[in-house]
Peer 1: 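Input: one structure, supplied below.
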Amino acid sequence: MQAQFDLQNFNTLAVPCRAACYWRVSSREELHRALTVARERQLRILLLGGGSNVILPSHFTGLVIHMAIAGYELLKEDEEQVLLRVGAGVVWQDLVDYCLNHNYFGLENLSLIPGTVGAAPIQNIGAYGVELEASFHSLTAVHLASGEERQFDRKDCEFSYRHSIFKTQLKDQYAITDVTFKLAKQARLVLNYAPLRQALEDLPQELINARRVSEAVCRIRRSKLPDPAQIPNAGSFFKNPVVSRQQLHVLQNSHPDIVFFPVDDKRVKLAAAWLLDRAGWKGNLEQGVGMHSQQALVLVNPGRRPAGQILAYSDRVQADIRRRFGVQLEREPIAYPAG
Ligand code: FAD
Ligand code: NAP
């Protein structure tokens, strides 16, 4: 365990954060030791993976547990699928590469999402029409307060759009130690997102496979998204709001070109980036914090400003979108209060 640990380089938004205590845990046993110490000293716990979806406070007086449990274990294999257990600290992209190298399919659209395997179920990561949920089998987690281990299957996790039970009822209560994936041995490509289809349209049909899809996703992402190493950011800062078709009709009266995608008979998903762009936030920068000039949904922090300034800026953005469109934007990264 280390004291007074600087976490500015451990979160992709690069907010300054000093943790009173920091412990990088590489095994389940080490996690249990860290939890025991936290209980004995009555330390609040903050779990950290790759730091790509958090807004850290300037000061954290408790214990930051950095989840670094490694490892892959093939649990089961038949002609159609495999069950693969993966340590929570494995870097997500390493898992994607591992699967492509072993011809295990299902994660290719989720290429190049930053962060760790253990954090992926927290918000049911998704991109290009695929969500983690589709390849998820189960996970193991340790209850922070009691140290008890528990298995969660897909139903237990209550996955939905960029959401799971770990963001609400069970928020900050469990440390995920491993995730088991159910992966197909025959690729079923998902190509319903226009930019992905377009990126592959020059290839003959017979050459389009999971690896090509993964490469195309990586190419598009690199061309559009700011690299956190160059411009600190946490990816999409707001979720795409889901509204009723009735509300959409009202909005279409004043904004006939509003961008939306059907969810079901009653609801549509609005493109938050369109709302932000139309409201003039794209490329706006105020005292080192702003919305990216290429992708309006990505809040950037080139000034490496603290959480307070980022949250104040995002409050202003949300209030403006509410005033203009009557739509409430919900923040995606998880903010932790100081203390
Ligand atoms: P962290 O940011 O470290 O933590 C996120 C939350 O999970 C925190 O609440 C933390 O306490 C908790 N947590 C972390 N590890 C554990 C664990 N082992 N057990 C229990 N709780 C834990 N997201 C998408 O869904 N789709 C995208 O396409 C996408 N693109 C992105 C692009 C960029 C450039 C960036 C910066 C982010 C993007 N994200 C995307 C968001 C982010 O990458 C994902 O949410 C990712 O899963 C976060 O992983 P992490 O390890 O960095 O988590
Ligand atoms: P994009 O392809 O320009 O599309 C803009 C928005 O329209 C996206 O938010 C996407 O919603 C939605 N969309 C596009 N085609 C769709 C379709 N056929 N059906 C339903 N919805 C559709 O988006 P982008 O910003 O370049 O991102 C590409 C993908 O990577 C998206 O899936 C996005 O979610 C993901 N991504 C996520 C983060 C993050 O931090 N969460 C960061 C970067 C990229 P969805 O967002 O719901 O998919």
Side-chain angles (χ1 to χ4, degrees), residues 7 10-14 25 31 45-56 64-69 87-93 109-132 139-142 144 161-164 166-167 170-179 190-199 217 220-242 259-263 268-275 277 292 294-301 332-336:
L7 287 169
F10 288 72
N11 72 98
T12 62
L13 264 173
V25 304
L31 171 65
I45 291 171
L46 193 161
L47 297 165
L48 190 66
S52 63
N53 213 27
V54 282
I55 308 169
L56 297 178
V64 169
I65 298 182
H66 199 166
M67 297 296 292
I69 301 172
V90 169
V91 169
W92 178 261
Q93 182 58 24
N109 291 42
L110 303 177
S111 298
L112 221 61
I113 297 181
T116 54
V117 165
I122 305 282
Q123 77 155 5
N124 183 23
I125 56 168
Y128 296 98
V130 172
E131 293 178 327
L132 167 107
L139 62 80
T140 314
V142 177
L144 301 184
Y161 180 60
R162 306 288 186 269
H163 188 80
S164 76
F166 301 106
K167 270 192 155 184
L170 300 185
K171 186 171 183 298
D172 300 325
Q173 290 189 38
Y174 280 92
I176 295 170
T177 54
D178 56 67
V179 181
V190 179
L191 301 174
N192 52 331
Y193 271 43
L196 186 52
R197 264 200 320 276
Q198 283 154 14
V217 168
I220 307 171
R221 293 182 72 103
R222 287 200 179 99
S223 71
K224 268 181 100 164
L225 290 169
D227 176 357
Q230 319 272 319
I231 310 175
N233 75 86
S236 305
F237 201 79
F238 300 107
K239 293 189 198 179
N240 288 322
V242 174
V259 176
F260 68 94
F261 299 89
V263 172
V268 298
K269 178 179 77 178
L270 302 178
W274 185 92
L275 300 174
D277 191 2
H292 190 52
Q294 307 269 64
Q295 167 47 293
L297 202 44
V298 177
L299 183 145
V300 290
N301 184 23
E332 188 181 284
I334 299 159
Y336 285 91

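For ligands, and for the atoms within them, numbers begin at 1 and follow the listed sequence. Please read these numbers as outputs of a predicted model, since none were measured by experiment.
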Peer 1: If you measure every N/O of Tyr336 against every N/O of ligand 1, is any gap under 3.5 Å?
Peer 2: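 For ligand 1, there is an N or O atom that lies under 3.5 Å from one belonging to Tyr336.
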
Peer 1: Which atoms of ligand 1 are found less than 4.0 Å from any heavy atom of Gly115?
Peer 2: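 The list of qualifying atoms is 49 (O), 50 (P), 51 (O), 52 (O).
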
Peer 1: Measure from atom 16 (C) of ligand 1 to every heavy atom in Gly118, Ala120, Pro333 and give the option owning the shortest one.
Peer 2: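 Residue with the shortest heavy-atom distance to the ligand atom: Gly118.
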
Peer 1: Mind checking whether Ile122 contacts ligand 1 via backbone (N, CA, C, O), side chain (CB onward), both or neither, at a 4.0 Å heavy-atom cut-off?
Peer 2: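 It is the side chain that touches ligand 1; the backbone stays farther off.
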
Peer 1: Select the closest option to atom 6 (C) of ligand 2 among Val190, Val259, Asn240, judged by heavy-atom distance.
Peer 2: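 It is Asn240 that holds the nearest heavy atom.
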
Peer 1: Would you mind telling me if ligand 1 is within reach of the side chain of Leu47, the backbone, both or neither, using heavy atoms under 4.0 Å?
Peer 2: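 Both the backbone and the side chain of Leu47 come within reach of ligand 1.
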
Peer 1: Any nitrogen or oxygen of Gly49, main chain or side chain, under 3.5 Å from a nitrogen or oxygen of ligand 1?
Peer 2: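 Yes, Gly49 has an N/O under 3.5 Å of an N/O on ligand 1.
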
Peer 1: Can you find an N/O atom of Pro226 closer than 3.5 Å to an N/O atom of ligand 1?
Peer 2: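 It does not: no N or O of Pro226 is found under 3.5 Å from an N or O of ligand 1.
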
Peer 1: Between Ile334 and ligand 1, does any nitrogen or oxygen pair lie at a separation below 3.5 Å?
Peer 2: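 In this structure, Ile334 places no N or O atom under 3.5 Å from an N or O of ligand 1.
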
Peer 1: With heavy-atom distances below 4.0 Å as the criterion, list the atoms of ligand 1 near Asn233.
Peer 2: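 That gives atoms 34 (C), 36 (C) of ligand 1.
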
Peer 1: Check Asn53 against ligand 2 and report side chain, backbone, both or neither, counting heavy atoms closer than 4.0 Å.
Peer 2: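 Neither; no heavy atom under 4.0 Å.
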
Peer 1: Hey, looking at atom 48 (O) of ligand 2, which of Tyr193, Tyr161, Tyr128, Phe237 has the closest heavy atom?
Peer 2: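 Nearest option to atom 48 (O) of ligand 2, by heavy atoms: Tyr193.
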
Peer 1: Hey, is atom 25 (O) of ligand 2 touched by any protein heavy atom at less than 4.0 Å?
Peer 2: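 For atom 25 (O) of ligand 2 the answer is yes, since some protein heavy atom falls inside 4.0 Å.
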
Peer 1: Under 4.0 Å from any heavy atom of Thr116, which atoms of ligand 1 are there?
Peer 2: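 Selected atoms, number and element: 49 (O), 50 (P), 51 (O).
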
Peer 1: Can you name the residues that form a ring pair (Phe, Tyr, Trp, His ring centres under 6.0 Å) with Tyr336, not counting sequence neighbours?
Peer 2: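 Tyr336 satisfies ring pair (Phe, Tyr, Trp, His ring centres under 6.0 Å) with no other residue.
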
Peer 1: Does any N/O atom on Gly126 come nearer than 3.5 Å to any N/O atom on ligand 1?
Peer 2: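 Indeed, backbone or side chain, Gly126 has an N or O that close.
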
Peer 1: From the options Gln123, Lys224, Arg197, select the one whose nearest heavy atom is closest to atom 23 (O) of ligand 2.
Peer 2: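 Among Gln123, Lys224, Arg197, the closest heavy atom to atom 23 (O) of ligand 2 comes from Lys224.
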
Peer 1: Just let me know how Ile176 lines up against ligand 1, side chain, backbone, both or neither, with a heavy-atom cut-off below 4.0 Å.
Peer 2: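 Both backbone and side chain.
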
Peer 1: Does Ala234, backbone or side chain, put an N or O under 3.5 Å from an N or O of ligand 1?
Peer 2: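 N/O-N/O distance below 3.5 Å does not exist for this pair.
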
